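What you are looking at is a predicted structure, and each value in this text was computed from that prediction instead of being measured. For reference, positions follow the sequence shown, starting with 1.
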Amino acid sequence: MRVLVPLVFLLALLTACVGEGKPCTLIATRVGVGVDVDPALGAKDGTLELCWDGRCATHDLGLRDGTDGFADVPDLPLTEVLATVRLTGAGGEPVVEQTLPITAAQTFPNGPDCGAGGPQQQLVVDASGAVRVR
């Protein structure tokens with residue numbers, strides 16, 4: 001009986017901490033801009049320049065197999081920024097250079113009840129080299 005009382009107390013405490021709702025995990029979100037590139041374009045490397053509040057910064061996309069990359073931008077705002085996608089082919093020749101306004105959206109990797117994970121935006125480059133927001 002002496003062991004049972006502390007055990008019951010501990011179980012009650014743990015149950016109270018979990019609560020009625022779904023528990024939140026610790027899944028993180030990469031903050032930044034992803035770029036999906038059509039393989040027919042033949043891109044091998046790329047950068048993304050982002051400009052806001054009178055400053056610009058260029059980020060390497062780290063294209064994997066020339067088809068997808070991600071620019072980590074820890075301070076990406078939730079307001080409109082000017083994005084310039086520059087992609088090069090196998091010989092270093094330019095295959096895409098396009099500028100467009102984008103606005104990142106807040107992500108919720110654990111669901112809306114678990115708080116925001118950080119802003120992201122996703123761009124798509126088609127086989128003709130046109131860039132659009134997904």
Side-chain angles (χ1 to χ4, degrees):
M1 187 68 166
R2 293 171 66 188
V3 174
L4 186 59
V5 172
L7 184 59
V8 169
F9 177 74
L10 181 61
L11 286 173
L13 183 63
L14 288 174
T15 303
C17 290
V18 173
E20 299 268 334
K22 175 186 138 201
C24 296
T25 65
L26 297 177
I27 296 174
T29 296
R30 288 178 76 181
V31 175
V33 180
V35 179
D36 290 329
V37 181
D38 189 304
L41 192 59
K44 296 297 178 199
D45 199 7
T47 61
L48 178 69
E49 180 182 64
L50 297 172
C51 301
W52 74 88
D53 289 339
R55 65 185 175 100
C56 296
T58 301
H59 307 271
D60 182 40
L61 287 173
L63 288 181
R64 294 183 308 175
D65 299 323
T67 61
D68 66 322
F70 194 88
D72 288 300
V73 187
D75 57 342
L76 183 65
L78 291 168
T79 57
E80 186 175 273
V81 302
L82 203 56
T84 302
V85 177
R86 292 183 183 95
L87 303 176
T88 56
E93 73 282 0
V95 293
V96 170
E97 182 167 344
Q98 184 179 334
T99 302
L100 68 158
I102 66 170
T103 303
Q106 195 62 266
T107 60
F108 297 88
N110 297 288
D113 296 332
C114 293
Q120 274 188 2
Q121 184 55 273
Q122 190 70 31
L123 303 176
V124 176
V125 183
D126 67 22
S128 72
V131 182
R132 66 177 171 77
V133 173
R134 176 174 297 199

Using atom types as modelled, flag every donor-acceptor pair under 3.5 Å from a side chain in residues 27-35 to any protein atom, sequence neighbours excluded.
unit_1: Thr29; atom_1: OG1; unit_2: Thr107; atom_2: OG1; d: 3.3
unit_1: Arg30; atom_1: NE; unit_2: Asp72; atom_2: OD1; d: 3.1
unit_1: Arg30; atom_1: NH2; unit_2: Asp72; atom_2: OD1; d: 3.4
unit_1: Arg30; atom_1: NH2; unit_2: Asp72; atom_2: OD2; d: 2.9

**Item:** Residue pair Thr67 / Asp65, side-chain donor-acceptor N/O under 3.5 Å
**Value:** no
**Request:** Hey, could you give me each pair passing salt bridge (charged side-chain N to carboxylate O under 4.0 Å, His left out) that has a residue in residues 98-112? Not counting sequence neighbours.
**Result:** none
**Request:** Please collect all disulfide (SG to SG under 2.5 Å) contacts where either partner lies in residues 43-90, sequence neighbours excluded, each pair once.
**Result:** Cys51-Cys56
**Item:** Which residues share a side-chain contact (heavy atoms from CB on, under 4.5 Å) with Ala105, sequence neighbours left out
**Value:** none
**Complete:** So the salt bridge (charged side-chain N to carboxylate O under 4.0 Å, His left out) pairs with at least one residue in residues 109-119 (sequence neighbours excluded) are none
**Asked** How would you list, by chain and number, every residue that makes a side chain to side chain donor-acceptor pair (under 3.5 Å) with Asn110, sequence neighbours excluded?
**Response** Thr25
**Message:** Applying a strict under-4.5 Å side-chain criterion to I, L, V, M, F, W and Y, I'd like to know whether Leu76 and Leu78 cluster together.
**Reply:** no
**Request:** Treating Ile, Leu, Val, Met, Phe, Trp and Tyr as nodes and any side-chain heavy-atom pair under 4.5 angstrom as an edge, say whether Leu100 and Val96 lie in one connected cluster.
**Result:** yes
**All side-chain contact (heavy atoms from CB on, under 4.5 Å) counterparts of Arg134, not counting sequence neighbours** = Asp36, Gln122, Val124
**Contact list for residues 63-94, test disulfide (SG to SG under 2.5 Å), sequence neighbours left out** = none
**Asked** Can you find a heavy atom in the side chain of Leu48 that is under 4.5 Å from one in the side chain of Asp60?
**Response** no
**Prompt:** Got a sec, which residues hit side-chain contact (heavy atoms from CB on, under 4.5 Å) with Asp75, two or more places apart in sequence or on another chain?
**Reply:** Trp52, Arg55, Val73
Sequence neighbours left out, cut at 3.5 Å: what donor-acceptor pairs do the side chains of residues 79-95 make with other protein atoms?
unit_1: Thr84; atom_1: OG1; unit_2: Thr99; atom_2: OG1; d: 2.8
unit_1: Arg86; atom_1: NE; unit_2: Glu97; atom_2: OE2; d: 3.3
unit_1: Glu93; atom_1: OE1; unit_2: Gly91; atom_2: N; d: 3.0

**Shared-cluster residues of Phe70, by chain and number - hydrophobic side chains joined below 4.5 Å** = none
**Asked** With sequence neighbours left out, which residue pairs that include part of residues 81-134 fulfil the disulfide (SG to SG under 2.5 Å) condition?
**Response** Cys24-Cys114
